[in-house]
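For reference, the structure is listed below as structure tokens.
Throughout, numbering of the chain's residues begins at 1 and tracks the sequence.
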Amino acid sequence: MRPMQHSSKLANVRYELRGPILVAAKKMEAEGHRILRMNLGDTAPFGLEAPESIVVDMIHHLRGAQGYSDSKGIFSARTAISQYYQTKNLMQIGVEDIFVGNGVSELISMTLQAFLENGDEVLIPAPDYPLWTASVTLTGGVPVHYLCDEDNQWWPDMADVAARITPATRAIVLINPNNPTGAVYPRHILEQFVELAREHDLVIFADEIYEKILYDGRTHIHMASLADDVCMLTFSGLSKAYRMPGYRAGWVALSGPRAAMAGFKESLELIASLRLCSNVPAQHAIQTSLGGYQSINDLTKPGGRLCEQRSRAAELLNALPGVSCVPAAGAMYLFVKLDPAMYPIENDEKFVIDLLQDQKILVSHGTAFHWPTPDHFRFVLLPSIDDIEEAVRRISAFLAVYRRQAAMAAG
């Protein structure tokens, strides 16, 4: 019998957050080792659970959630999302402009399938959330990475963005607040993206899943609030701010010139119908989540758990020799730099595996996020302060040995 071959479409697709390093960690755990996980943005293992009122409301609706829903999502959920955006001065987003999906991840794939032709280019930040790059590739598009500037609060380098636009460019992706850097983009940066989209007739994909996770008084600006003459897709959901990643409830809201978006909207409706519907019980959590008490604010304000963990992690990491990171303005991560002169790393995936095997701690290597040089890693802020302190202690011990070995090799 002829063996089943993997599709050639996967040749350039990577999602290394769940790749070989995680396989190595699971093998070690199976052998009895306790791994300190600082790699994935899953709130549940760290005691950051969904608000009880949301869980109770979803349970209340379970018996009525056994059948399929409208392929775009239940009406009450889409109404709540529309009303939420209207409170943010996005009056043009109506109920029929919203599609509910199994998290933002599913909707990224669906919207790109409905939009891209083979060879179309999409601008994506570097570093990025790697699903964006993988999904563009799988749908026949070409991901083109624009640089974010670590020396300027990890904001996009707008000159680099503009230089990467070609006649084949169809869209720009923004991740704001950003994963993995924690950057929150100010108005003047967002307005420059709008001008580029307007000038070159581009669509903006705004990934705003971390919109409510902000520190130090930062304000999140919805991209779609800055223009009604540019086609935009705004992505958000319940997985992060409401600590419900396993429930899989996200949405995308369409805004911009209706005539220009009509064909795309029809295609997206077709794709939504092909998968029948998203998780119906979780859809019943959306209205309660958006309309109820916003407990995320208690976690991100001064003295709140996430805020304190962010501050302590940045303080400890920045105190290590040859290590630096920009304190996160939002989201749940630090993107940590290792001085190449002190740590001449050639392969950051091997570096992270060596760290795992030596110190039983798991982080994510920077090139997994399409950062061009092997000198960064992502550090997750969800574990307790005790675990963060222990994680930094282990990293410090590993780096001390690494420095000695590098110095000896240099002569």
Side-chain angles (χ1 to χ4, degrees), residues 72-101 104 107-108 111 155-156 158 171-178 183-199 201-242 249-262 264-265 268 283 285-297 300-301 329-331:
K72 294 173 70 171
I74 62 175
F75 186 77
S76 61
R78 289 186 291 130
T79 299
I81 296 165
S82 173
Q83 291 174 343
Y84 166 72
Y85 282 125
Q86 288 174 10
T87 66
K88 303 297 182 179
N89 204 33
L90 296 171
M91 305 305 294
Q92 73 272 35
I93 297 178
V95 174
E96 295 306 316
D97 299 316
I98 293 161
F99 293 75
V100 179
V104 167
L107 292 163
I108 288 172
T111 52
W155 295 346
M158 296 310 300
I172 304 176
V173 173
L174 283 88
I175 305 172
N176 178 38
N178 185 268
V184 176
Y185 302 155
R187 180 176 295 272
H188 74 273
I189 292 287
L190 300 179
E191 288 175 341
Q192 290 179 72
F193 275 106
V194 170
E195 287 303 316
L196 287 174
R198 189 177 285 138
E199 178 183 353
D201 195 21
L202 304 177
V203 175
I204 293 178
F205 287 68
D207 183 343
E208 299 180 349
I209 188 65
Y210 295 99
E211 62 180 276
K212 293 179 180 291
I213 303 179
L214 305 166
Y215 309 111
D216 302 331
R218 261 70 169 211
T219 299
H220 174 262
I221 300 171
H222 291 283
M223 194 69 187
S225 69
L226 301 180
D228 57 11
D229 62 331
V230 174
C231 295
M232 296 195 195
L233 282 69
T234 300
F235 299 82
S236 196
L238 304 186
S239 64
K240 305 302 181 181
Y242 300 96
W251 57 82
V252 60
L254 280 53
S255 60
R258 294 191 179 276
M261 299 196 75
F264 167 77
K265 187 176 181 180
L268 186 55
Q283 292 185 52
I286 293 175
Q287 183 177 26
T288 304
S289 298
L290 293 179
Y293 180 72
Q294 301 301 296
S295 57
I296 187 62
N297 296 331
T300 58
K301 68 183 181 182

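- Between the CD1 atom in I296 and the CD1 atom in I213 there is a gap of 4.5 Å [rounded to 0.5 Å].
- Checking side-chain atoms of Q86 against main-chain N and O of Q92 turns up no donor-acceptor pair under 3.5 Å.
- Every residue was checked against the ring pair (Phe, Tyr, Trp, His ring centres under 6.0 Å) condition with Y242, not counting sequence neighbours, and none meets it.
- By the 4.5 Å heavy-atom criterion applied to side chains, V100 and I74 are not counted as neighbours.
- Summarising the geometry, atom CD belonging to E96 is positioned 10.0 Å from atom OG belonging to S82; distances are rounded to the nearest 0.5 Å.
- Across all their heavy atoms, C231 and A260 have their closest contact at SG-CB, 3.9 Å.
- Between W251 and Y85, the side chains place a donor N or O and an acceptor N or O closer than 3.5 Å (distance only, hydrogens not considered).
- The local environment of CG in N297 is crowded, with over 12 non-hydrogen atoms from other residues, nucleotides or ligands closer than 6.0 Å.
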Under 3.5 Å, sequence neighbours excluded: what are the donor-acceptor pairs made by side chains of residues 187-197?
residue	atom	partner	partner atom	Å
Q192	NE2	H188	O	3.2
E195	OE2	R198	NH1	2.5

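- Here the closest heavy-atom approach between residue A224 and residue M232 is recorded as CA-SD, 3.4 Å.
- Applying the side-chain contact (heavy atoms from CB on, under 4.5 Å) test to E208 and every residue at least two apart in sequence or in another chain returns A206, E211, H220, H222, M223, T234.
- Atom CD1 in I98 sits 11.5 Å away from atom OG in S236 (nearest 0.5 Å).
- When every heavy atom of F205 is checked against every heavy atom of A171, the shortest pair comes out as CE1-CB, 3.6 Å.
- A side-chain donor-acceptor contact under 3.5 Å links T87 to the backbone of Y84.
- Residues Y185 and I221 are not in side-chain contact: their nearest non-hydrogen atoms beyond the backbone lie 4.5 Å or more apart.
- Under the 4.5 Å side-chain criterion, counting only non-hydrogen atoms from C-beta, I286 is in contact with L238.
- Taking CG from L268 and CE from M261, the interatomic distance works out to 9.0 Å, rounded to the nearest 0.5 Å.
- Annotation: side chain to side chain donor-acceptor pair (under 3.5 Å) contacts of T79 (sequence neighbours excluded): none.
- Among all heavy-atom pairs drawn from W155 and P186, the shortest one is CE2-CD, 3.5 Å.
- Summarising the geometry, atom CG belonging to L226 is positioned 11.0 Å from atom CG belonging to D229; distances are rounded to the nearest 0.5 Å.
- In terms of modelled atom types and a separation under 3.5 Å, the side chain of Q294 and the main chain of G292 share a donor-acceptor contact.
- Rounded to the nearest 0.5 angstrom, F264 CZ and L233 CG are separated by 4.5 Å.
- Applying the salt bridge (Lys or Arg N to Asp or Glu O under 4.0 Å) test to D97 and every residue at least two apart in sequence or in another chain returns R258, K265.
- Taking the side chain as every heavy atom from C-beta outward, S239 and V104 never approach each other to under 4.5 Å.
- A search for salt bridge (Lys or Arg N to Asp or Glu O under 4.0 Å) contacts involving D228 returns nothing, not counting sequence neighbours.
- Side chain of S225 to backbone of L90: no donor-acceptor contact under 3.5 angstrom is found.
- Counting heavy atoms from C-beta on, the side chains of F99 and T111 never come closer than 4.5 Å.
- Closest of all the heavy-atom pairs between V184 and G330 is CG2-N, 3.7 Å.
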